[in-house]
Amino acid sequence: MDYLKGLNDRQKEAVLHGEGPLLILAGAGSGKTRVLTHRIAYLIEERGIFPGNILAITFTNKAANEMKERVAHLLDDNVEDIWMGTFHSVCVRILRRDIDKIGYERSFSIYDRDDQITLMKECIKELNLNKDMFNERSLLNVISSLKDKMTPPDSYINQNYGDYYYRNVGELYALYEKKLKQNNALDFDDLIIKTIELFNKSPQVLDYYQKKFKYIFVDEFQDTNKSQYELVRLLSQWYKNLCVVGDDDQSIYGWRGADITNILNFEKDFPNTKIIKLEQNYRSTKNILEVANHVIKNNYDRKDKRLWTENEKGQKVVVEGLSDSDEEAYFVVNKIGELMKEGYKPSDFAVLYRTNAQSRSFEEAFIKNNIPYKIVGGLRFYDRKEIKDIIAYLKLIQNPVDDISLKRIINVPRRGIGNATLEKLEEYAREDGESIYSVLFNIDEIPGLSARAKNSLMKFMNMINKFIAMKEVMGVRDFIEEVIYGVGYIKELEEDGSLEARTRLDNIKEFLSVAVDFEMRNPDGSLEDFLANISLLSDIDKTEDVDNSVTLLTVHSAKGLEFPVVFLVGMEEGLFPISRALESESELEEERRLCYVAITRAEKLLYITYAKLRTIYGSTNYTLPSRFIKEIPQDLVTSSVNRKGTNSGQLIRVIDYSSRERSGLETGYKSSVDNSEIKVGSKVNHKKWGLGTVVQTKDRDQDMELVIAFDKVGLKRLLLSIAPIEIVKGE
DNA sequence: GCCCTCTTGTTCGAT
DNA sequence: ACAAGAGGGC
C-alpha cells in the first residue's frame with residue numbers, strides 16, 4: 001500500500017512524521033483529511049501501532065465516521081478499535097467507565113440546552129431573583145464560559161462580591177452546579193471538565209489513557225476551547241505524540257469559548273513541535289480562491305499566509321442584488337434550474353446563510369418549484385415535543401434522580417398530577433435533599449396530598465419501577481416501544497385523532513426507527529449509550545442523507561464541507577456581518593473569517609446575493625450590501641444584471657422574477673391535476689404539506705391560482721400548473 | 001386541574 | 001410572524 005501516492009511534499013512530510021508534537025496549519029481545501037487518514041493508516045500498517053492506541057477527535061460524528069471509513073478503505077483492516085469521535089462523545093465514553101470515582105453515578109444524564117434552561121429557571125425561582133433581570137440564556141452563556149475557564153462559583157462570587165448583579169450570577173452558578181449534581185446530570189461543558197477532574201483526581205485512570213493513546217489527533221483545532229485544550233494536553237503528556245490540525249483563518253466559534261491562542265501558543269506548550277503548512281488548495285478555482293484571499297487579508301489578527309491552487313481559473317464570482325428575500329430565493333431557484341440543464345445535480349448545490357431564520361424563503365421557493373432540498377439544523381426532529389417527552393421518560397428510567405426529566409413527564413399524558421401536587425413533592429424532596437422519585441417511596445409521609453393524588457403517584461411510581469426492571473432485559477428498540485405504549489402516550493394520541501396527533505405518531509415511529517438503526521450499528525448498545533448518542537449529535541449528524549438534494553445550512557454548519565456550487569445569500573450589513581458584531585473589531589474579524597469559510601466551501605461556482613429589503617422580526621428595512629462584498633476586487637466578480645462598473649447597491653437594476661417567470665421554470669415537475677377536476681371543496685394531497693382543502697380558485701391566463709387550507713401548515717396560495725398536488729378522491 | 005387569552009421574546013452561531 | 005409561557009377564569 002502506498003500511502004504517499006498523489007500527495008504533495010508537505011503532505012508527505014506530515015504523513016511520515018515520526019514521534020513528537022505536530023502542528024499542521026492546513027488552509028481551506030488543502031487536503032488535511034487526506035493527510036490525517038493517510039497518516040493514521042501509515043502508523044497502523046508501517047509502524048505497527050494498534051488501532052486501539054489511536055485517538056482522533058473530530059468536529060462532528062459524521063466527520064469521524066467518514067474518516068473511519070477512509071482509513072478502513074486504505075487498510076482493509078479492522079479500524080473499529082480506533083477511538084474516533086467528538087470531544088463530547090469521547091469524554092462520555094471515558095466517564096461512563098469511571099465517573100463514580102468523582103462522586104457521580106455511572107447512569108448520569110446529559111442535559112441539553114432546554115434542560116439547562118429549565119434547571120436555571122428553578123435556580124432563579126429558588127433564590128427569589130427577578131426573572132426579568134436574570135435571563136436564563138445569558139446566565140448560561142456566562143456560566144458556560146466560567147466553567148470552560150475552570151473558575152469555580154465561590155471564587156467568582158468573591159471576585160464580584162460588591163456587585164449585586166454579578167454576585168448573584170455567581171450564586172446562581174453555584175446553585176445550578178449543585179442541582180446538576182443532585183440530578184446526577186452533566187451539561188455539555190461538564191462532559192469535558194468532569195473528565196479533566198477525573199484525570200486529576202485519579203492518577204491511575206489518567207495513566208491508563210495516557211499509555212493507551214500513543215497517538216492523538218485533533219481536527220479543527222482552531223475551534224477548541226480552554227478546557228478541551230487542557231484535556232488533550234493531559235492525555236498526550238506521556239507520549240507527546242499529539243497532532244493537531246487547524247487554520248486560524250477558519251476560527252468561527254469564539255463566542256462559545258474557542259481560543260485561537262491554542263494554535264498560536266501550541267509551540268510554547270509543546271517544545272520541539274514540528275510545524276507543517278499546507279497552502280496548496282485542491283478544492284476551488286483560482287477565481288474563488290482569489291476572492292477568499294482578498295476578503296480575509298483585511299483581518300489584522302492573523303498569521304500571514306496565502307493559499308494558492310493549480311486548479312483552473314474558473315468563472316467569475318457572481319454578485320447579485322435582489323429586491324427582497326423572495327426575489328433572492330427565486331434568483332437561486334432559477335440559477336439552479338439553469339445549471340441543472342447544464343448537467344449539475346441537486347446535491348451539487350448548497351445555500352449558505354448567516355442565520356437559520358433565512359432558510360424559510362428558500363424552502364418555500366424550493367417546494368413551489370419541486371426542487372428536492374434538505375435543511376441542516378433549524379426545525380429539529382429531536383426538538384419536537386413528543387420526542388423530547390419520550391426521551392425524558394427514558395432519561396428518568398435510566399437515571400431516576402433526574403428531576404428535570406421527571407417533572408417534564410409526570411403528567412404527560414395527563415394522569416391527574418398537577419402543579420399543586422408536584423410542588424408538595426418538591427418541597428418535601430428539597431427539605432430532605434432527596435430526588436422527587438425517591439420521596440415517592442415515602443408517599444404517606446408527605447403532607448397535604450389528597451387520596452386521589454396519592455393514588456396517581458403510586459401508579460406512576462410503580463410504572464417507572466417496572467420499566468427500570470425491564471430495561472435490563474430488553475433491547476433498546478423493543479424497550480422504547482414498551483415504554484411509549486406502557487405510559488399511555490400512544491393511546492392518548494390515537495384517541496385525539498387530529499392531524500397534529502397523527503403527525504406526532506409519525507414522529508414517534510420515526511424515533512423508533514432511529515432506535516432500530518442504533519441497534520443495528522451497536523448490537524450491544526445499552527439505553528445509556530443510545531441516549532448519549534442522540535444527545536451528542538450535531539446538526540450535520542442529524543441531517544438525513546437524502547440522496548440528491550440541495551443542502552440549506554448556516555455557514556457555521558458548513559464548516560468542513562464542500563460543494564461544487566455555493567450560493568452565499570443575505571450578504572447585507574447587519575445580517576452578515578451581523579449587527580451585533582459591528583461595534584467590536586474582534587467580532588467583526590470573526591464575521592470575516594466566517595465569510596472566508598463560506599467562500600472557500602465552493603469548488604466551481606460561487607454566487608453571492610443580497611436583498612435590498614430585509615424582513616427581520618416581522619419588520620422590513622432597507623439594507624446596504626455587506627462590506628465583505630466591497631472587499632472583493634471588481635475584476636473578479638460579475639453580475640447577470642449589474643451594469644458595468646457599478647459597485648453600489650443603488651445602481652443595480654432589480655429584475656422582476658414575477659409569477660410568469662417563476663411558473664415557467666422547468667424543474668421536471670408537471671402537475672397531474674387537470675383544471676376541470678379541481679374546485680372549491682376538493683381535497684388535495686400536497687407533496688410537502690400533506691392534506692388540504694381547496695377554499696378558493698381564481699383563473700389566471702391558462703393557469704389557475706388556488707388557495708388551499710392545509711391541515712398542517714394552514715392557508716397557502718399556489719399555482720395549479722406547478723403545485724405538486726394530487727386530488728384525493730372522496731371517502 | 002384545565003383551558004383560554006394575552007404577552008413576550010425570539011433569531012447570531014451549536015456540542 | 002410566530003410560538004411558548006404566564007396568568008386569570010372556570
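Every chain is numbered from 1, with letters handed out A, B, ... down the list of sequences.
Considering only the side chain of A/R580, B/dC12 comes nearest among B/dT15, B/dC12, B/dG13. Of all nucleotides listed (B/dC12, B/dT15, B/dA14), B/dC12 comes nearest to the side chain of A/E591.
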Return the polar atom pairs (N/O with N/O) between nucleotides 3-5 of chain B and the protein under 3.5 Å, or none.
residue: B/dC3; atom: OP2; partner: A/R414; partner atom: NH1; Å: 3.4

Can you pull every protein N or O that's under 3.5 Å from an N or O on nucleotides 6-11 of chain B?
residue: B/dT11; atom: OP2; partner: A/R137; partner atom: NH1; Å: 3.2

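In terms of position along DNA chain B, the nucleotide closest to A/R452 lies nearer the 5' end than the nucleotide closest to the other residue of the pair A/T554 and A/R452. Comparing A/G418 and A/R354 against DNA chain B, the residue whose closest nucleotide sits nearer the 5' end is A/G418.
Within the structure, every side-chain polar atom (N or O) of A/S535 is placed at least 4.0 Å from both OP1 and OP2 of B/dT15. A sub-4.0 Å separation between OP1 or OP2 of B/dA14 and a side-chain N or O of A/N356 is present. Between A/N411 and B/dC2, a side-chain N or O to OP1/OP2 separation shorter than 4.0 Å is present.
Chain A approaches DNA chain C over the interval C/dA1 to C/dC2, counting the first and last nucleotide 5' to 3' with an atom under 4.0 Å from its heavy atoms.
In this structure, A/S405 OG and A/D115 CG are separated by 5.5 Å, a value rounded to the nearest 0.5 Å.
With respect to A/R106 and A/E528, no salt bridge is recorded, no charged nitrogen being found less than 4.0 Å from a carboxylate O.
Under the side-chain hydrogen bond (donor to acceptor under 3.5 Å, both in side chains) criterion, A/N298 pairs with A/E631, not counting sequence neighbours. Residues that satisfy the side-chain hydrogen bond (donor to acceptor under 3.5 Å, both in side chains) test with A/D529, not counting sequence neighbours, are A/S526. When the side-chain hydrogen bond (donor to acceptor under 3.5 Å, both in side chains) test is applied to A/R233, the partners found at least two apart in sequence or on another chain are A/E230. For the ring-ring contact (aromatic ring centres under 6.0 Å, His included) test, no residue two or more places apart in sequence or in another chain qualifies with A/Y489. The ring-ring contact (aromatic ring centres under 6.0 Å, His included) check on A/F366 picks up A/Y373, with sequence neighbours excluded. Evaluation of the side chain to side chain contact (heavy atoms under 4.5 Å, CB included) rule for A/D324 yields A/D326, A/E327, A/L613 as partners, not counting sequence neighbours. Listed by chain and residue number, A/Y607 satisfy the ring-ring contact (aromatic ring centres under 6.0 Å, His included) test with A/F567 (two or more places apart in sequence, or in another chain). For A/I124, the side chain to side chain contact (heavy atoms under 4.5 Å, CB included) partners two or more places apart in sequence, or in a different chain, are A/M120, A/L129, A/K131, A/F134, A/E136, A/L139, A/L172.
By the 4.5 Å heavy-atom criterion applied to side chains, A/N262 and A/K226 are counted as neighbours. A/W255 has its side chain out of reach of A/E587: every pair of non-hydrogen atoms, C-beta onward, lies at least 4.5 Å apart.
Regarding A/I578, its CD1 atom lies at a distance of 6 Å from the P atom of B/dC12, rounded to whole Å. In this entry the distance linking CD1 of A/I417 with C1' of B/dC2 reads 15 Å, nearest Å. Atom CG of A/D189 is separated from atom C1' of B/dT15 by 9 Å (rounded to the nearest Å). In this structure, CD of A/E590 is placed 13 Å from P of B/dA14, rounded to the nearest angstrom. At whole-Å resolution of the value, CZ in A/R113 and P in B/dA14 are 12 Å apart. We find that CG of A/N141 is positioned 15 Å from P of B/dT15, with the value rounded to whole Å. Going from atom CD1 of A/I410 over to atom C1' of B/dG1 covers 14 Å, rounded to whole Å. Separating the CD1 atom of A/I57 from the P atom of B/dT15 is a distance of 16 Å, rounded to the nearest angstrom.
Using a 4.0 Å heavy-atom distance criterion, A/S557 is classed as a sugar-phosphate-only contact. Using a 4.0 Å heavy-atom criterion, one finds that A/T421 contacts the sugar-phosphate atoms exclusively. Contacts of A/D112 with the nucleic acid, taken as non-hydrogen atoms under 4.0 Å apart, are absent.
Taking the six-membered ring where tryptophan is involved, the planes of A/F518 and A/F530 are perpendicular, since the angle between them exceeds 60° and thus also 30°.
No hydrogens or angles considered: a donor-acceptor pair under 3.5 Å links the side chains of A/D189 and A/S144.
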Could you walk me through whether A/V142 and A/Y173 pass the side chain to side chain contact (heavy atoms under 4.5 Å, CB included) test, one step at a time?
-> CA-CA 9 Å; A/V142 173; A/Y173 174 20; over 6 Å; no
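Contacts of residues 250-259 of chain A with DNA chain B (heavy atom under 4.0 Å): A/Y253, A/W255, A/R256.
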